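Take a look at the structure set out below.
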Amino acid sequence: MAIIAFLNYALVVFDFTYVPLRDFWLQGRVRLLSINLGGYQLEIPEEPIVVHRLPITQAYDWVKAIEPHRDTEAYLRRVEELEEELIQTSLRSPEVAEILEDLRQLSDEMIDTNPFLIANKTGTLEQIKNIMREHIWGEDGSSKEAFSIFWSQEHLATRNAIQELNFFNRKIRPLMETNYFRPIGENGRPVNNFGLLDFPFALIFFSEFLLRSWFISRRHTGVSWFDAMLWRWYDILLFAPVFFGLRSIRLLRILPVLIRLNQANLIDLKAIKKQASQGFVAGIAEDLTEVVVVGILNQVQGSIQRGELTDLLAQRNKNPYINLNDINEVAEISRLIVQLIINQVLPATREDLEAIIHHGLDKAIADIPGYQNFSKLPGVENLTQNIIEQTIHQVYSIVYTQIQHILEEDPEFDRLLDRLISTFTKSMSSEIQAQESMERMEYLLHALIEEIKVNYVQRLSEEDMEALLDQTRALRQAAQATMGNSGD
């Protein structure tokens, strides 16, 4: 289905560009460069390159209801008749003179009536006129007179009829062949039969849409058939009817086509999705960041100004605290932290702590008056160091042992700790709720938030979002590399 959708979209694009590119599909000729500025004209190569000779227009013109234009077709047929008469008779024969008279008349009618107008190719007619003027006059002049001279026996006799007809077939005929007639429908627009080609595809996509959405509704609990249709809403673009003048909507089928190709693993859209999302984030991050942060700070300021901080503290005292598990979490957390420090941290850092204390005592003893002279006596310095080390070991052991005894299960200690925490909390809450303290705190908080908005939010919005995204990508890649190495 992904391949069918892709082929259908290729057909849509071909149809959408068929009329503008019909000259190429008709003749298969391209020119790499064509510049015409005032009197300066540059064409590379001088003669167009033939890329293909496939009968594409013969197979597809009916879709656009394109027909050969009667006037230009009659003109070209008359030229062909002239070529045949020149082979069978001579340039001065009455039959040739009659054909040349008709060509002069047809040239005047072509210039006056502009049969290229319906095909929106008036520029092609101007190009034909310019080529003929330059060929006859070598400069600006009347295009009618130029055609009249070109289709005269005297001119063809002077310049060699075969060479002139070769010139016409090489320069003029390809331009005239691109003209066409396309009828106008009752809607006021050119007839377009593409719906006949698109209908089989639409029927396939519509049937597949119904079946797929039905299977989705059966596979997922709580998902109705209509919900599943909404799940695959983008598939509707593949078969939705196209009304008059809205054929460009078919180009939106690129969305379900890309999704299907990606789901079928025929293409990989991860990189595109990543770049698109990052571009979107970079585009809105600055405004979004400032709006969100300022909005939050404004809410906090509003709460402070409305006195909600005071109400919160007052409500806390009015309503008794509800204990869900008969455990004083604050005391238990404090106990766990202290146990971690005593049982794990202090033993690991004992030597470093003793070294710091030893250094402090050395400095303190060295500052005692007369110690420098006393320490010069034999054995005094070593004795002093031994006393200091023994003292540090004893003090550390005593303190560490006492702390361990305190941390043992002691209901009395727990009761005293709970009372201390409760008294501290009540006292702090009472002092904070004092009118003067509360007003001062609200004022300071309001001013602090205002300063944060002025000093930091503006800086936050001025951050280079592309640089932030680069940092994010670098961190993500480093994390993935670390995970990959750890997996190895």
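Just so we're clear, the structure is a prediction, and the values are computed from it rather than from any experiment.
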Please work out whether the ring planes of H155 and H135 are parallel, tilted or perpendicular, with thresholds of 30° and 60°.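 Ring orientation, 0 to 90° scale: perpendicular.
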
Please state whether the rings of H69 and F181 are parallel, tilted or perpendicular, taking 30° and 60° as the class boundaries.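 Answer is perpendicular, since the angle exceeds 60°.
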
Do [X] and [Y] come close enough that some side-chain heavy atom pair is under 4.5 Å?
{"X": "R104", "Y": "F147", "result": "no"}
{"X": "Y234", "Y": "L258", "result": "no"}
{"X": "N193", "Y": "V191", "result": "yes"}
{"X": "D61", "Y": "W25", "result": "no"}
{"X": "V12", "Y": "F194", "result": "yes"}
{"X": "Y9", "Y": "R250", "result": "no"}

Approximate separation, where rounding is to 0.5 Å, of [X] [atom1] and [Y] [atom2]:
{"X": "I149", "Y": "S142", "atom1": "CD1", "atom2": "OG", "result": "8.5 Å"}
{"X": "M132", "Y": "I111", "atom1": "CE", "atom2": "CD1", "result": "9.0 Å"}
{"X": "L103", "Y": "D108", "atom1": "CG", "atom2": "CG", "result": "11.0 Å"}

I would like to know whether N179 and E73 meet side chain to side chain donor-acceptor pair (under 3.5 Å); could you show each step before the answer? CA-CA 9 Å; N179 191 32; E73 282 294 304; over 6 Å; no

Does a side chain donor of either D71 or T113 reach within less than 3.5 Å of an acceptor in the other side chain?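 On atom types as modelled, these side chains do not qualify, holding no pair under 3.5 Å.
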
Is the shortest distance from a Lys or Arg side-chain nitrogen in K144 or D112 to a carboxylate oxygen in the other one below 4.0 Å?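 Yes, K144 and D112 are salt-bridged.
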
Test: E154 and R159 ion pair at under 4.0 Å: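 No salt bridge links E154 with R159.
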
For the side-chain contact (heavy atoms from CB on, under 4.5 Å) test, which of I131, N130, I136 pairs with R133?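 Only one of I131, N130, I136 forms a side-chain contact (heavy atoms from CB on, under 4.5 Å) with R133, namely N130.
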
Please step through ring pair (Phe, Tyr, Trp, His ring centres under 6.0 Å) for the pair F205 and F209, ending with a clear verdict. CA-CA 6 Å; F205 294 134; F209 176 74; over 10 Å; no

Look at the side chain of T89 and the backbone N and O of L86, then say whether any donor-acceptor pair between them is shorter than 3.5 Å.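 Flag not set: sc T89 to bb L86 has no pair under 3.5 Å.
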
Mind running side chain to side chain donor-acceptor pair (under 3.5 Å) on W231 and S213 for me, showing each step along the way? CA-CA 8 Å; W231 194 330; S213 56; over 6 Å; no

Under 3.5 Å, sequence neighbours excluded: what are the donor-acceptor pairs made by side chains of residues 48-60?
unit_1 : atom_1 : unit_2 : atom_2 : d
H52    : ND1    : L54    : N      : 3.1
H52    : NE2    : F24    : O      : 3.2
Y60    : OH     : D15    : OD1    : 2.9

Between F168 and F150, what is the shortest heavy-atom contact and its length?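 Distance-wise, the nearest heavy atoms are CB-CZ, 4.1 Å.
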
Shortest non-hydrogen separation from V79 to R173 and the atoms involved: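 Distance-wise, the nearest heavy atoms are CG1-NH2, 3.9 Å.
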
Worked verdict on E126 versus K129 for salt bridge (charged side-chain N to carboxylate O under 4.0 Å, His left out): CA-CA 5 Å; E126 292 299 319; K129 290 159 62 176; 3.2 Å; yes

Kindly determine whether D235 and R253 satisfy salt bridge (charged side-chain N to carboxylate O under 4.0 Å, His left out), including the steps that lead there. CA-CA 8 Å; D235 281 341; R253 295 181 185 180; over 6 Å; no

With sequence neighbours left out, write down each residue that passes side chain to side chain donor-acceptor pair (under 3.5 Å) with S107, or none if nothing qualifies.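 Counting only residues at least two positions away or on another chain, S107 forms a side chain to side chain donor-acceptor pair (under 3.5 Å) with Y75.
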
